[in-house]
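From a predicted model like this one, the values you see are computed outputs, not experimental measurements. Counting convention: from 1, in listed order, for ligands and their atoms alike.
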Amino acid sequence: MALFKGKNPTAETPALDDNFQHIAFIMDGNGRWAKKRGMPREFGHKAGAKVFKRICEHCADRGFRAVTVYAFSTENWKRPEHEVNALMELLCDYLDEFIENHEDYKSRFVFIGDLSPLSPTLREKIAEAERINADSPRIINIAINYGGRAEMVHAFNTLAAEGKTTVTEEDIARVVYTHESGDPDMIVRTGGDLRISNFLLWQAAYAEFYFTDTLWPDLTPEDVDEAIRVFYSRKRRYGGL
Ligand code: FPP
């Protein structure tokens with residue numbers, strides 16, 4: 001099965017319909033992008049954050065109702081302290097950026113993951129950012145200290161605390177972090193690796209996957225359009241014929 005599809009930038013991008021309302025990104029390749037330029041990895045994350053904004057704006061313009069990005073995984077704490085600190089600082093800066101220029105994003109920010117180990121300053125800023133654009137119909141989910149397995153544990157514990165001894169799929173869908181935006185229709189992974197890396201394990205059940213060698217800081221709105229074209233070239237059968 002072809003995982004990659006050739007780029008065809010002159011092709012028309014179909015308008016989105018109800019089948020394609022939520023796109024998710026595994027933003028991989030920042031470190032390699034920086035290394036190619038002889039720069040520290042943090043430089044790549046900085047470039048990646050700029051691209052995050054451009055891609056969010058483009059997704060809003062295309063009409064996506066939800067965008068989910070994997071910004072920091074439960075496993076990313078294993079990185080050297082200076083890189084973890086740089087990522088947290090960058091996040092803080094982007095929260096300021098969002099708070100100041102929230103109209104550009106045309107969306108509401110929702111932070112998904114276990115935010116409890118984050119610094120109080122960062123958590124306060126997150127809470128402030130989440131209050132902005134509260135009535136926007138569009139959501140940008142930012143996954144921080146997120147892991148799909150940890151999310152399942154959190155979901156089951158939430159349901160147990162409600163007193164449930166058996167659970168249904170609907171129960172789980174109601175308590176996963178993305179309950180407001182639903183499941184992604186497509187998951188895009190940049191950076192060339194063909195794996196899910198503990199991202200949206202529950203929600204990915206019927207997602208289309210789109211893998212590209214392009215490193216995250218090189219991703220362009222045209223690449224998103226290409227992913228949209230690929231989505232509409234695929235047949236989704238949900239187990240049927
Ligand atoms: C993976 O690339 C990327 C990350 C762990 C961080 C992603 C963060 C950003 C794009 C910027 C901040 C985000 C927001 C929401 C403002 P990698 O470092 O593993 O790259 P590599 O595979 O080349 O080493």
Side-chain angles (χ1 to χ4, degrees), residues 23-60 64 66-102 104-113 115 118-119 121-123 125-126 128-130 132-133 138-148 177-178 181 187-200 211-221 223-224:
I23 188 164
F25 294 96
I26 299 180
M27 309 183 287
D28 200 12
N30 294 345
R32 280 166 283 165
W33 185 90
K35 196 173 170 202
K36 269 168 58 177
R37 287 159 179 78
M39 298 297 281
R41 297 175 55 80
E42 288 79 352
F43 182 73
H45 295 315
K46 232 178 211 174
K50 277 198 193 130
V51 168
F52 157 77
K53 182 173 184 192
R54 194 178 330 134
I55 296 297
C56 285
E57 287 172 345
H58 184 66
C59 288
F64 283 107
V67 175
T68 299
V69 295
Y70 206 3
F72 193 88
S73 75
T74 44
E75 288 72 35
N76 286 152
W77 296 107
K78 292 183 213 148
R79 294 190 176 200
E81 203 181 331
H82 62 88
E83 185 171 342
V84 170
N85 290 342
L87 277 165
M88 293 298 152
E89 266 172 40
L90 194 58
L91 196 62
C92 238
D93 291 348
Y94 259 75
L95 285 165
D96 288 336
E97 208 286 327
F98 173 71
I99 291 164
E100 201 179 319
N101 302 306
H102 56 94
D104 298 348
Y105 293 83
K106 304 178 188 92
S107 311
R108 175 160 66 98
F109 270 18
V110 174
F111 286 80
I112 63 170
L115 307 182
L118 306 181
S119 74
T121 321
L122 192 49
R123 277 188 285 153
K125 245 177 216 180
I126 286 175
E128 186 183 348
E130 283 188 326
I132 293 176
N133 295 348
R138 296 182 209 289
I139 289 182
I140 298 172
N141 292 308
I142 302 183
I144 309 274
N145 191 28
Y146 173 90
Y177 292 127
T178 53
S181 43
I187 298 179
V188 173
R189 181 175 187 138
T190 60
D193 284 329
L194 307 181
R195 55 178 171 255
I196 191 164
S197 299
N198 205 11
F199 188 48
L200 302 181
F211 296 102
T212 170
D213 286 335
T214 302
L215 304 174
W216 175 258
D218 286 328
L219 198 80
T220 63
D223 292 320
V224 174

Using a 3.5 Å distance criterion without hydrogens, assess whether the side chain of Asn198 forms a donor-acceptor pair with backbone atoms of Gly148. yes

Counting distance only, does the side-chain N/O of Arg189 pair as donor-acceptor with the main-chain N or O of Asp28 below 3.5 Å? no

Arg41, portion touching ligand 1 at heavy-atom distance under 4.0 Å: side chain

Short N/O distance, under 3.5 Å, between Gly29 and ligand 1? yes

Do any nitrogen or oxygen atoms of Gly31 lie less than 3.5 angstrom from nitrogen or oxygen atoms of ligand 1? yes

Which of the atoms in ligand 1, numbered in the order shown and given with their element, are less than 4.0 Å from a heavy-atom of Ala71? 6 (C), 7 (C), 8 (C)

Please confirm whether the backbone N or O of Val84 pairs with a side-chain atom of Arg79, one donor and one acceptor, at under 3.5 Å? no

Flag if over 12 foreign heavy atoms under 6.0 Å of NZ, Lys46: no

Looking at Asn145 and Gly113, would you say the former's side chain and the latter's main chain have a donor-acceptor pair under 3.5 Å? no

Candidate with minimal heavy-atom separation from atom 19 (O) of ligand 1, of Arg79, Glu83, Arg32, Met27: Arg79

Going by distance alone, is a donor N or O of one side chain under 3.5 Å from an acceptor N or O of the other, for Ser181 and Asn141? yes

Of all protein heavy atoms, the one nearest atom 10 (C) of ligand 1 is Asn30 ND2, 3.4 Å

Heavy atom under 4.0 Å from ligand 1: found in Asn76's side chain, backbone, both, or neither? side chain

Look only at interatomic distance and state if Trp33 has a nitrogen or oxygen under 3.5 Å from any nitrogen or oxygen of ligand 1. no

Indicate the ring-plane relationship of Phe199 and Tyr146, choosing parallel, tilted or perpendicular according to the 30° and 60° boundaries. perpendicular

Any idea which protein heavy atom is nearest atom 4 (C) of ligand 1, and the distance to it? His45 CE1, 4.0 Å

I'd like to know whether ligand 1 has Gly191 as a neighbour, heavy-atom separation below 4.0 Å. no

Mind checking whether Trp216 contacts ligand 1 via backbone (N, CA, C, O), side chain (CB onward), both or neither, at a 4.0 Å heavy-atom cut-off? side chain

Donor-acceptor pair, Ser107 side chain versus Tyr105 backbone, under 3.5 Å? yes

Which of the numbered atoms in ligand 1 are below 4.0 angstrom from a heavy atom of Tyr94? 16 (C)

